[in-house]
Number of protein chains: 2
Amino acid sequence: MDVARSKVSDTGTPVACASCQARHGVVCGALWSGQLRELGRQSLRRTVDAGSEIIAQGSESSFYSNIMRGVVKLCKVMPDGRQQIVGLQFAPDFVGRPFVPESMLSAQAATDAEICVFPRDLLDRMISETPKLQRSLYDQALKELDAAREWMLTLGRRTAEEKVASLLHLIATHAEPQTATTTSFDLPLSRAEIADFLGLTIETVSRKLTKLRKSDVIRIENFRHIIVPDMDELERMISA
Amino acid sequence: MDVARSKVSDTGTPVACASCQARHGVVCGALWSGQLRELGRQSLRRTVDAGSEIIAQGSESSFYSNIMRGVVKLCKVMPDGRQQIVGLQFAPDFVGRPFVPESMLSAQAATDAEICVFPRDLLDRMISETPKLQRSLYDQALKELDAAREWMLTLGRRTAEEKVASLLHLIATHAEPQTATTTSFDLPLSRAEIADFLGLTIETVSRKLTKLRKSDVIRIENFRHIIVPDMDELERMISA
DNA sequence: CCGAAACTTTGATCTGGATCAACTCGCGGT
DNA sequence: ACCGCGAGTTGATCCAGATCAAAGTTTCGG
């Protein structure tokens, strides 16, 4: 599904992005009401199914978005088909690469998601005119950079088992803890996607997940649901 | 060598950072003259030897810098000693993590370098007050993020040979081409550092470099100097 | 100029994770 | 209820890159 095209093909009135501010979306939260009204007029709330593409790698996208609900994966694909997920984004993150028209990576919904879509030229202009917005996006970029570098350590120097534990830790971090130590969550990624995030194969991911289950670090229900009885235990697996 | 301490121990007058602007340093290039004079008063030009640490991982650094000459490596170390270089920075890049006092990575001079050092509190204030400066740093952060994600693909999905070719390509990109296709440069990294950048061992780096030499993709003089007769050839090794 | 330490290369062997190959499970459609 | 299919697991084998070991090469202090 091409979100950019969908705006054109939609015949109804564009839906104002009124709830962005309430949800503290990275973009809307930084705007004053006049700008917000203008952005609302130009923007469109969309529900995207898991697996559908929001931005295609190598394409010129004229839209940015805010994630309102769900998980978006950022992915790079090589000509021969090898691929690497280079980031996961959660609500209320901003999705897009300001100031560069052609996207060097694809953004796809990992789960069903709701996003707020708006024109890139409008936002690029707003960034330059609104230091508060620029700061908000700068802050997100710095956080993404921290995360990317942490993940480079994982990709380059951790073992397969540590990689899988790192992924579980990353996702657990974005789910609220049930108790002080216990956390449970649904994996937003399939085994194949986990493999592409960790630089492993499906089989290795499956084996290491089984190993973590058998050593009681996690419980797995229905493939997708993970229960971590003791987050400290999981964290111990990651470093030394 | 601790740059932060060096300012305190220096007894002479701080050297104004007048040449930053001329060199289009990321920070100084975005300031108006009054701010530049203030920054010059508070800043210090320093020569750092290859291998010396500019910022230590886990420490609270009260300084940022601009690279004026040389190469700086950003490195993450695990408690058990495994380490990963997560970025290389060249003049006139800015070095530091705005808005977070404790550094989650170390910055070390990879080659002898000249840097312009200035207090973090002053610069954090200037960023908030100067949209042009914020924009300049935001642009650099976005570029670093692009580079980090490209490198994640390299770490996760490329073979050892492709990794070594990717490194040569990255460094060649920062040296001016001698002719349309030929490029030559000095490696700013030892074999051990290359290994830590690529998530490999020293031995594998050495073997793959030898292989590239024997297949005439590169020539190597004195371990450190690389000649790439045909950059297109090198690029072909990276993708498919 | 000499010698030691650090860095690099090369060779032999080992192993973690990839690859190839069944098999199982759960789910949606008829 | 049955079938068919995609997703996940498990087992057997293979291999790219790690590890262990031993030479070169370069640099630099004395």
Side-chain angles (χ1 to χ4, degrees), chain A residues 49-51 73 78 80-85 110-112 154-168 186-215 218-226 237, chain B residues 49-52 73 78 80-85 108 110-112 154-168 186-215 218-226 237:
Chain A
D49 294 334
K73 58 175 176 159
M78 290 171 68
D80 64 1
R82 284 177 285 177
Q83 59 182 76
Q84 175 69 43
I85 294 180
T111 63
D112 290 345
T154 299
L155 288 172
R157 289 305 187 195
R158 290 204 233 257
T159 65
E161 188 168 348
E162 292 171 329
K163 284 181 177 182
V164 171
S166 298
L167 177 90
L168 295 176
D186 279 313
L187 282 174
L189 303 177
S190 69
R191 299 296 186 264
E193 290 171 316
I194 293 173
D196 283 338
F197 198 18
L198 296 173
L200 298 171
T201 57
I202 298 177
E203 295 93 326
T204 300
V205 170
S206 178
R207 278 184 244 272
K208 297 307 175 183
L209 236 20
T210 302
K211 191 175 172 198
L212 288 176
R213 178 169 55 72
K214 286 189 175 164
S215 61
I218 57 171
R219 283 195 293 133
I220 304 177
E221 287 173 359
N222 227 336
F223 299 125
R224 286 287 186 127
H225 191 74
I226 304 287
M237 311 211 57
Chain B
D49 295 333
S52 62
K73 59 175 176 162
M78 291 171 67
D80 64 3
R82 284 177 286 177
Q83 59 182 75
Q84 175 69 44
I85 294 180
Q108 291 169 252
T111 62
D112 291 345
T154 299
L155 289 173
R157 289 305 186 194
R158 290 204 233 255
T159 63
E161 188 168 348
E162 291 171 330
K163 284 181 178 183
V164 171
S166 298
L167 177 91
L168 295 176
D186 280 313
L187 284 173
L189 303 177
S190 69
R191 299 296 186 264
E193 290 170 316
I194 293 173
D196 283 337
F197 197 18
L198 296 173
L200 298 171
T201 58
I202 298 177
E203 294 93 325
T204 299
V205 170
S206 178
R207 278 184 243 273
K208 296 307 175 183
L209 236 19
T210 302
K211 190 176 173 197
L212 288 177
R213 177 170 54 72
K214 288 188 175 166
S215 60
I218 58 172
R219 282 195 293 132
I220 305 178
E221 288 172 358
N222 226 335
F223 300 127
R224 285 290 184 125
H225 191 73
I226 304 288
M237 313 211 56

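Order of the sequence lines sets the chain letters (A, B, ...), proteins ahead of strands, with each chain counted from 1.
- Side-chain proximity of B/Thr201 to the nucleotides C/dA18, D/dT19, C/dT8 is greatest for D/dT19.
- A heavy-atom distance below 4.5 Å is not found between the side chains of B/Thr154 and B/Glu162.
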### Task
Applying side chain to side chain contact (heavy atoms under 4.5 Å, CB included), run through A/Gln84 and A/Leu155 and close with a yes or a no.
CA-CA 11 Å; A/Gln84 175 69 43; A/Leu155 288 172; 3.8 Å; yes

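- Of the possible polar contacts, one joining the A/Arg82 side chain to the B/Arg157 backbone as a donor-acceptor pair under 3.5 Å is found.
- Residue A/Leu189 is the one, among A/Arg157 and A/Leu189, whose nearest nucleotide of DNA chain D lies closer to the 5' end (criterion: closest heavy atom).
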Under 3.5 Å, N/O pairs linking protein and nucleotides 23-27 of chain C:
none

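- Residue B/Thr210 has a polar side-chain atom (N or O) positioned under 4.0 Å from OP1 or OP2 of C/dT10.
- Among the heavy atoms of the strands lying under 4.0 Å from B/Leu200 are primed sugar atoms or P, OP1, OP2 only; no base atom is included.
- Distance from the side chain of B/Arg213 is smallest to C/dT10 among C/dT10, C/dC20, C/dG17.
- Under the salt bridge (Lys or Arg N to Asp or Glu O under 4.0 Å) criterion, B/Arg224 pairs with no residue, sequence neighbours left out.
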What N/O pairs connect the protein and nucleotides 12-16 of chain C at under 3.5 Å? Give each pair on its own line.
residue	atom	partner	partner atom	Å
C/dA12	N6	B/Arg207	NH2	3.3

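- Under 4.0 angstrom from either OP1 or OP2 of C/dG17 there lies no side-chain N or O belonging to A/Thr204.
- Closest-nucleotide positions on DNA chain C for A/Glu161 and B/Lys214 were compared, and the one nearer the 5' end corresponds to B/Lys214.
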